[in-house]
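Following: one structure in C-alpha cells, then a few remarks.
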Amino acid sequence: MYGQGILRGLRITLMHFFRTYLDDLRYGLRKFSSNENFAQRQGPQARGVFTVQYPDEKLAVPERFRFIPFLIVEDYDHPERPGHDWCTSCGICAKVCPPQCIWIVRETDPQTGRPKPEPEAFFIDIDICMNCGYCAEFCPFDAIKMDHDYEMASYDRTSHHIFDKEKLSKELRYWRTIAPTTAYEEMLARGGWEHSDVIKERKKEARNAQKVPRAERLAAQEEAGTAAANGADEAAAVAEPVAAEGTSEDPEQARREQKRAEMKARLAARRAAKKSN
Amino acid sequence: MSELELRELQDTEFPIPEDLQNTIAITSLSRLYSWSRRSSLWPMLFGLACCAIEMIGTAASRFDFSRFGMEVMRATPRQADLMIVSGTVTKKMIVPIVRLYNQMPEPKYVLAMGACASGGGPFKEGYSVVSGVDKYIPTDVYVPGCPPTPQALLHGLITLQKLIDGQSLARMDDVPWYGVGPSEPAPVPILGPDIIDPRQMELIRQQAERAALGAGKAAERAALGAGKAAERALPDVIVASNTRGLEAPETVGTAATGVAESEAADGEDPEKARRIAKRLEARARLAARRAAKQGGA
Amino acid sequence: MTEVVAEAKGPEREENLNTAEAGYQSLKERFPDAVSDDAREGYSGILVDATHLPEVATAIRDELGYDYLSSATAVDHLGLEGECLEMVYHAYRTSGGPALVFKAQTDRSAAEIPSVTPVWPGADFQEREAWDLFGIQFPGHPNLKRILLWEGFDGHPLRKDWREPYYEEEHKPFDSRWPGGKVFRAEETNLFGKNVQYPDDFDLGQLADVSDEALYSGLGLGVNVEPLANGSSNGLQTDTIVVNMGPHHPSTHGVFRMVTELRGETIHSLEPVMGYLHRNHEKIGERNAWLHNMPFTDRLDYISSMGNNLGYALAVEQLMSRGARYKAPPYRAEVIRVLMAELTRIVNHLWAVGFLLNDLGAFFTPMLYANNTREKILDVFEAAAGSRLMCNYMRFGGVYKDIPERLRSVANLVNDKIRDLDFMQFLGELVRDAIPRAIDELDDLLTENEILRTRCEGVGILPAETAIAYSTAGPLLRASGVAYDVRRAEPYSIYPDLDFAVCTRPNGDIYDRYLIRIDEMRESVKILKQILPLLEQTAGQEIMPGGKPGAYMPRVPVGEAYGRVENPKGELGYYVVSAGDPKGPQNPWRYHIRATSFINLTVLGTLCQGHKVADVVTILGSIDIVLGEVDR
C-alpha cells in the first residue's frame, strides 16, 4: 500500500519522541542532577535525549584530549627547585611541530656565553597551532603536554593569541590532576616524580657513593656542594636531546651525533668542575 | 524563564529584596534590548571547512545550541545576525564572505571559529590562505582550537553573548549601528594576480612604481629578509598583552584597531607608519563628526 | 596466523606482478621508439615519449585492459636528474591487481603533454589541476583552464621555483624557531601586512576582475533575441539562463559552486567550480618533514581522518620498506588500524546518509538521528587519539598509542561531570548493539519511504562503463554494479584475513547509492565483530615495531610510492616521491593526494544533464563530497 513506508518512518520518529519522556519518567528530575545518570545518558545504551547542558554540565574530556600545549614546571612548593622549568630547550618540539608554531630562545650563561639547558623564552602562536600533540609525544623530558582547557574564547587575538612562557607554564601537579594515568605511566618510565635529569643525577650520586669509601665521599660532597650537582645536571640535559635525535635512520649520522653528545657532556663536566673549584 | 536569566537581567542600581529576586527584575531598556537580542542570535548556515563539522555537531542534538536561542540557522545573510566563520578562509572565498557580510543587516556579529579563521592556522604559510578573516571584516570573538570542540564553540558563543550584554543603546560609539545613518560596507576584495584589498590600492600602486623604477621585488624581498634576520625586538603588543586579562575591552568589535596596533609595533617602515597615521587621522575625523552629530541631535 | 595468510597470498601476488611486468614488456615491443623502462633508482614503470602518449594510452586501455585511470599527477624535477616536468599515471584493471605506471616528461620552459582525457575522461580534472599548479599545457583537453585557483593568478605554485608570500625556508624545521626563536607573525614581514605578493610589472590600471568572465564565456549568457528578431517564433520562447549555486549554498556540503545553464528548470549543462577551500596541502606537504604531514592528512577528508592517516602511513611505509632497517607494523597495530578505519567508514556513511536526506528536504531529522550514533563513535576516537575529528592516530610502523583502558579518566575532575566507562566494554556495546540498532533504525525510517523512493529511483543514473571511464570510486562506483574495492582488489593490512563482502547494486541511481551505504555499514559492523576478539587476543602486544616510538624526523629512502586505501568515499591514494638527498631526505619531494571527492566530481556534469534543478542537489548529495578533500 502506498504510504506504508512513510507510516513506518513516522512510527520511528514517534518512538524517539516518546523515548525522551520515558527517560524522564524513569529518572525524574534526577536525570539532570546526579553524575551517574549523566553517565547513563551519555553511555552507549542511552536512548532518548542525550543533550549535554553546557555550561551547567560538561563532558569530561579523556586523558589523551589535545588542545593547546602547556609547559610543565616544578610545583611551586617543591623543596629544591620550585617553579623550575622542566623544559631544557632542546628544541625537539619546535622541530617536530608541523605548522612550526613554537619559538624557543635558549638561555645562555652570561659568564661563559654557552647555552644553558633552560628556555629563556618560549612562545606558541595558538592561531597557528593545529593541536596535533606531536610536541608532547616527542618531548624526551615530559616537559610539554597538551592542555585540557578549551574555554579560551577571547575578544582580541593580536594580544591574546601568542602565549609566552608565563602563560604556558603550569605546575606538574596540574598535569597529575588532569591526566593521572598518563602522568603515572610517565613517572614509571622516568623512575620517579622528579625531572629525569634530577633522577639521573641521584642515581649517579648513589653509584659514586658505592664506589668511594664513606669518609672520602663525605669530604667530596662538602667540597663540590650544589654547584657540581647543577653542572652535571646541565651536562646530562645537553647530552640528552642529541642522543634522542640519534634515532634517525642513518648510522653515520647517529655515530656523529653520539660523538658530539659525548664531547658536550665532557665539556659540561669540565665546566662544572671548574665552577666547583 | 529560569531564575538564572532573571538575575542576569537585573540592573544592580535598583536593589530588590532577596526573596523577590527570583520573580522580579528591574532593568533598563537598553539592557532588556541587548538581552533579548543576544538570546535570539540567528547564525548563518555557512560552513567553510573542518570547523563546520564541529559547528554542525554543536547544532545537533548532543550540544544543541538552540538552548541559547540559536536554533534557526539561516541560509540567507538577510536573516542572520551572526556569521560563524567556521574554517580556513581562502583568497578565493574571502570575496563572497565579504559580500555576505555586507548583506547581513545590522546589528551583526562575526565569530572566528578555530585557528584558521582567527589567524590562518596551520595553513597560514600557504599561498592561497587569508591569514585571519579579521584582515577583511571586523571580528568580535575568536575561538581558538583546531578544531574547537563543540563545547569550546559554545563557550565562544556565550562569550559573544556577554559582549552583546555590554553594549548599550545609550553609547553610540560602542557599535557602529547605534550611530546615525548607515555604516560603511566592508570593501570587497578583488582577485587579481593576487588578492587585492581596495583599502591598499594606493600602497600597491606605489610599490608597482618603485618596482618599475628598478628597485624590484627581489630587492624589496632582500630588504625584508635582512630585517627578519636581524635581531628582532619582540613586538610590544605581545609582551604587554600576555599579562592582560581576558576581558580587555578596548579592542572589542574593532579588529582594525588591533591590526593597527600590531603594525605600529614594528613601524620601521616609513610607508607603513604614514599609512597608519593616515588611518588614525581618518578615524579621529570620523569620531569628531559623530560627536558633532550627537551634539546637534 | 599472519604467516599462514602471507603464504596463501604469495603466489597470487606474484602472478599479478607478472602481469604488470608482461604489460610493460608488450608495450616495449609494440612501441620500441616511444616506450622505455624507468631506470631511476626506486622508481618503477615505463617512460613514454610525450608525442606518442595518446597511442600508448589507448593501447594500455584497449589491449592490456587497464580500464581505470586512478591517478594522473605532475612532478617537478627541478634540480634533479632530467630537470623536467613529469606526468605520472597509475592505471588499474577493475578486475583487480597492481598498477601499470607510465610517465611522460616535458621541458619545463614549454611544458606540453598530449591530453589523455579522450582515452580516460577521468583525467579531465586531474589534468586541469596539473595545468593550474604546474603550468603544463594539455593539447586535446576539452576545457583546459584553472581549477583550484582563479583565472589571472600569477604563476603556477607547485613548481619548485615558485615561492609564496610567506616563504621562509625551503624545508622544515625552520632555523628561526630554535635556539634563537624570537617570535614574529608572518604578516609582519610582508609589506602589505597580508599574505599577498604582486608581480613587478603589475599595473593596477589594467586590472579587471576576469576570474568569473572566463567561467561564463562558454555558456550562452544573456537573453537570446535572435529568434524574436527573425520573427520565426512559434509559440512561447524560453531563454537559457545561468544560475549559480554556491559557493555559499546550504546544500553544497561546503564551499562548492556549480554554474548551471538552465532551459526552463532543466539542466542543460553544469560546471563544477572549486578551489574555494584550496589550502595548499601539497605545497605545504613538500615543505614539511615526512611525519609533519600526518596531522595535515586529517584535514583532507575531515569526516574520516583515520582513513586518511592510514593511507599516508601505508604510502610512506612502502618507501621505508626499501630501507635496510625497516620493520613492518606489528599485528596488533594492524588490528587497531582496521578497527579505526571501519569505525570511520560507519561515521562517514552515517553522515552521508543524513545529509543526503537533508538535501532531499527531510530537514535534519534523519541527520540528527544519524549524528547521535556518530557522536558515540567520536567518543571512541577522542579517548584513543585525543581528538574527535583530527585524530592523527597512525604512525609509520604502527599507531600512536594503544587503545586506552577507560573511556574517561576516573580522576579527571577538572571538568565536573564524569563518565567513566571501560573502553572495550563501550566499544563492544557499540559494535554489537548500538551501531547495528542505529543502522536498522535508519533503514526502517528511510528505505521504504515512498517520497524518498520517488525522488531517488531512476534519478542520476550512472552506467557502469561511464563510472569506470570517469574514474569514480567507492560507493559511487559500486552502486553502478562494479565490484571494485581496494580492500579486495589490492589488499592491505589484515583485510585478507577478514570475512566481508564487496557490496554492489545494479542500477546506479541515487537510491542505489543510498542503499549501498547502508549495506557497507552492515559489512563494516561484520568486520568490527571479527576485530573485537582479535583485539582481546592481542591485548598487551606491541603497537610499534620493537615497542619503541618511531623517529621524529625519519629519513625515507629515495624513490616513489603510491599507497592507496579504500576510504569511505572511495579510493584515496597518496603519491609520494622521496628525492634529492642520497642518504634519504627528511622531506618529501612530491606529496600528491589522489582525492576521491575531487575525481568523483568529474562525472557530476554528465550526471546532472537533463535533470531538474532540485535533483542536482540530491545527485551531489549522493556523490558525498567533502570540500577539504576536493580542494585540498
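Proteins come first, then strands; the chains are lettered A, B, ... in the order of their sequence lines, and each starts at number 1. All figures in this text were calculated on a predicted structure; none of them were measured in a lab. In what follows, every heavy atom counts, from backbone to side chain, and hydrogens, waters and symmetry copies are set aside.
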Select one option (side chain, backbone, both, neither) describing which atoms of [X] are under 4.5 Å from chain B's heavy atoms.
X	answer
C:Arg388	side chain
C:Leu149	both
C:Phe355	side chain
C:Tyr369	neither

Flag the one option from [options] with the top tally of heavy-atom pairs under 4.5 Å to chain B.
options	answer
C:Leu368, C:Asn371, C:Leu389, C:Leu627	C:Leu389
C:Met390, C:Arg287, C:Lys283, C:Glu375	C:Glu375
C:Arg374, C:His253, C:His281	C:His281

[X] side chain to [Y] main-chain N or O, any donor-acceptor pair under 3.5 Å?
X	Y	value
B:Lys91	C:Asn195	yes
B:Asp194	C:Gln197	yes
C:His249	B:Ala75	no

**Fill in**
When every non-hydrogen atom of C:Asn280 is compared with those of B:Val129, the smallest separation belongs to OD1-CG2, 3.7 Å
**Asked** What pair of heavy atoms forms the shortest contact from C:Lys194 to B:Tyr136, and how long is it?
**Response** CD-OH, 3.4 Å
Gap separating the [atom1] atom of [X] from the [atom2] atom of [Y], nearest 0.5 angstrom:
X	Y	atom1	atom2	value
B:Leu48	C:His248	CG	NE2	10.5 Å
C:Arg299	B:Cys116	CZ	SG	7.5 Å
C:Tyr276	B:Ile97	OH	CD1	11.5 Å
C:Arg257	B:Lys92	CZ	NZ	8.0 Å
C:Asn288	B:Glu125	CG	CD	6.5 Å
C:Lys376	B:Arg62	NZ	CZ	8.5 Å

Please identify, among [options], the residue contributing the most non-hydrogen atom pairs under 4.5 Å to chain C.
options	answer
B:Ala208, B:Gly126, B:Pro77	B:Gly126
B:Gly120, B:Ala49, B:Pro96, B:Pro147	B:Ala49
B:Ser128, B:Ser86, B:Gly87	B:Ser128

**Message:** Quick check: do C:Phe192 and B:Asp197 have side-chain heavy atoms less than 4.5 Å from each other?
**Reply:** no
**Request:** Would you check if C:Tyr166 and B:Ser131 make a side-chain contact, meaning some heavy-atom pair closer than 4.5 Å?
**Result:** yes
Side chain, backbone, both or neither: which part of [X] has a heavy atom under 4.5 Å from chain C?
X	value
B:Pro122	both
B:Leu100	side chain
B:Met44	side chain

**Request:** Please state whether the rings of C:Phe153 and B:Tyr127 are parallel, tilted or perpendicular, taking 30° and 60° as the class boundaries.
**Result:** tilted
**Item:** Close contacts, residues 52-61 of chain B versus chain C, judged by heavy atoms under 4.5 Å
**Value:** B:Ile53, B:Glu54, B:Ile56, B:Gly57, B:Ala60, B:Ser61
